[in-house]
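Predicted model only: the values in this text are computed from it and were never measured. In what follows, chains are A, B, ... by sequence order, proteins preceding strands, each numbered from 1.
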2 protein chains.
Amino acid sequence: MPNSSEEIVINKPRRRSRIREAHENSIIRAAEQLFSQNGYHGTALETIAEKAGMSKQNLIYYFSSKEILYQRVLRNILDILIEKMTLMDQLGETPTEILTNYIKSKVEISRHYPDASKVFAIEIINGAPYLKKYLQTHLTPALEDDVKLVEKWMAEGVMDKIDPYHLFFMIWSSTQTYADFSSQVSLSLGKEQLQDKDFDNATEFLTHLVIKGLGMR
Amino acid sequence: MPNSSEEIVINKPRRRSRIREAHENSIIRAAEQLFSQNGYHGTALETIAEKAGMSKQNLIYYFSSKEILYQRVLRNILDILIEKMTLMDQLGETPTEILTNYIKSKVEISRHYPDASKVFAIEIINGAPYLKKYLQTHLTPALEDDVKLVEKWMAEGVMDKIDPYHLFFMIWSSTQTYADFSSQVSLSLGKEQLQDKDFDNATEFLTHLVIKGLGMR
DNA sequence: CTCAGTCATGACCACATGGTAAAATAAGCG
DNA sequence: CGCTTATTTTACCATGTGGTCATGACTGAG
């Protein structure tokens, strides 16, 4: 139980000021967008600062180095991805429902966090220098669990016997493509930008393909 | 009709010397690898030159600017991609055979040109600043033809009625992922590097999924 | 009011890097 | 050999940019 207020307040509570919170957010948003368009080295701190509405020096006040800012951007999207990355976390009773919701979740991420998703993708393409360790400790174990679950389903005869790993690779890639390769996708569809309807169509198609392709239901 | 030989030979034939050919090749190889790992801005000309075994100034002698070199790298992989990009070009009599070979071709590209594929991917992620026009004039029309072919198959009842565009997006993304996201894939599989067997498994899985998922055969 | 800590700006610099200019050397060819 | 063209090297520079330093302005709690 807390003591009387004036007691051992050695470390000042130093609450995150509202200004700091707001500015860090706008910096991260700006950084996501610029990093995703021009890459890490192709983006100048001054450009980010400008987009976030402040001076470069002020930006450095909030993020003491470019690398730290970059890692923060990566970390942000990773938290989102990890959270929805596991089959277990999906609502649904039957395997079909679970898989359906899994696909849906991943398309949603592409729809709502396209810039961050692109930064993540580039990082992976570059060989995941910053993320390798984190992926090993967080993503891989979660994937193992999911694989086991799928194998259980296969043993129970509710789906075809296939290589579960490649199933996940396929779902990851074909859902993320609506963020990462959106320029190619929208170009192919003859649109300036992807609409909600397009994401829905994607979800529907992928669900159909996976469920039927695995002989489920 | 040509006159006697010594007359108007203003433009010398100037055949591509063997040295030039060889050096340009090694430069492009080095550039592919470095661009794919560090991006355009993250790669110094001097680093490329070093990897190609020559001085920076000599590299500039062969490629007069960094941008020109980059476009050449892009152009190279694009030519390969475009060549195999169309369903029409696939061998095979039946729709099933054609689709199977299509998937196989695309996985082969990921297997054999991983670096170039990554450079291409990053370019698309960045919004395809250099490629937009080229994609519009070359890729989109080819895709349209393929879509029409698939629609014909659907009309003939040999496959389920689905959105053909998303089918192609799915095939593109899930085959390219074995090049672009190879670091994540190999990490997930617990390997240092992908083996031939992994590519074969991927092909087999994707083929199964697509053929069965579309109700073909 | 005041004053510590937060926020913001201007001046500046070290350094990497793309690119130029010119001179030197090697290769092909009559 | 002698001459032209192709290749390579040496020296150099202009620019962009990440980051430091010192200083000033603002703000809220006591």
- Note on the structure: The contact string for nucleotides 11-17 of chain C, one letter per nucleotide 5' to 3', using protein heavy atoms under 4.0 Å with B, S and - for base, sugar-phosphate only and none, comes out as B-----S
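A sub-4.0 Å separation between OP1 or OP2 of D:dA6 and a side-chain N or O of B:Y62 is absent. Contact annotation: B:R20 side-chain N/O to D:dA6 OP1/OP2 distance is not under 4.0 Å. Taking 4.0 angstrom as the limit, B:S55 places a side-chain polar atom (N or O) nearer than this to OP1 or OP2 of D:dT9. For the pair B:Y61 and D:dT8, the criterion of a side-chain N or O lying under 4.0 Å from OP1 or OP2 is not met.
Residues of residues 31-41 of chain B that place a heavy atom closer than 4.0 Å to DNA chain D do not occur.
Partners of A:D200 under the salt bridge (charged side-chain N to carboxylate O under 4.0 Å, His left out) rule, at least two apart in sequence or in another chain, are A:R111. With sequence neighbours left out, the side-chain hydrogen bond (donor to acceptor under 3.5 Å, both in side chains) criterion links A:S188 to no other residue. In this view, A:T207 and A:T100, A:I103, A:T203, A:I211 satisfy the side-chain contact (heavy atoms from CB on, under 4.5 Å) rule, not counting sequence neighbours. Under the rule for a ring-ring contact (aromatic ring centres under 6.0 Å, His included), the partners of B:H23 that lie at least two apart in sequence or sit in another chain are B:Y62. Every side-chain contact (heavy atoms from CB on, under 4.5 Å) that B:I109 has, sequence neighbours left out, goes to B:I80, B:L81, B:K84, B:Y113. In this view, A:S173 and B:S173, B:S174, B:T177 satisfy the side-chain contact (heavy atoms from CB on, under 4.5 Å) rule, not counting sequence neighbours. For the side-chain contact (heavy atoms from CB on, under 4.5 Å) test, no residue two or more places apart in sequence or in another chain qualifies with B:E50.
Proximity of the aromatic rings of B:H208 and B:F205 is defined here by a centroid distance below 6.0 angstrom, and this criterion is not met.
The distance between atom CD1 of B:I60 and atom C1' of D:dT10, rounded to the nearest whole Å, is 14 Å. We find that CD of A:E67 is positioned 16 Å from C1' of D:dT17, with the value rounded to whole Å. One interatomic measurement links the two molecules: CD of B:E24 to P of D:dA6, which rounds to 13 Å at whole-angstrom precision. In this structure, A:I19 places its CD1 atom 7 Å from P of D:dT27, rounding to the nearest Å. Taking atom CG of residue A:N58 and atom C1' of nucleotide D:dT20, one finds them 15 Å apart after rounding to whole Å. B:H23 places its NE2 atom 11 Å from the P atom of C:dA27, with the value rounded to the nearest Å. Distance A:F63 CZ to C:dA8 P: 13 Å, rounded to the nearest Å. Atom CD1 of A:I68 is separated from atom C1' of D:dG18 by 13 Å (rounded to the nearest Å).
Using a 3.5 Å distance cut-off with no hydrogens or angles, the side chains of A:Y102 and A:E97 do not pair a donor with an acceptor.
Residue pairs meeting the side chain to side chain donor-acceptor pair (under 3.5 Å) criterion with at least one member in residues 32-47 of chain B, sequence neighbours excluded, are B:Q33-B:K51. The side chain to side chain donor-acceptor pair (under 3.5 Å) contacts involving residues 114-136 of chain B comprise B:E67-B:Y130, B:Y70-B:E123, B:S117-B:Q176, B:S117-B:D180, where partners must be two or more places apart or lie in separate chains.
At a threshold of 4.5 Å between non-hydrogen side-chain atoms, the residues B:Q184 and A:W172 count as touching.
Each end of the helix from C:dC1-D:dG30 to C:dG30-D:dC1 gets its own axis, taken as the rotation carrying the C1' atoms of four end pairs onto the next four within a five-pair window, and the two axes meet at 10° to the nearest 10 degrees.
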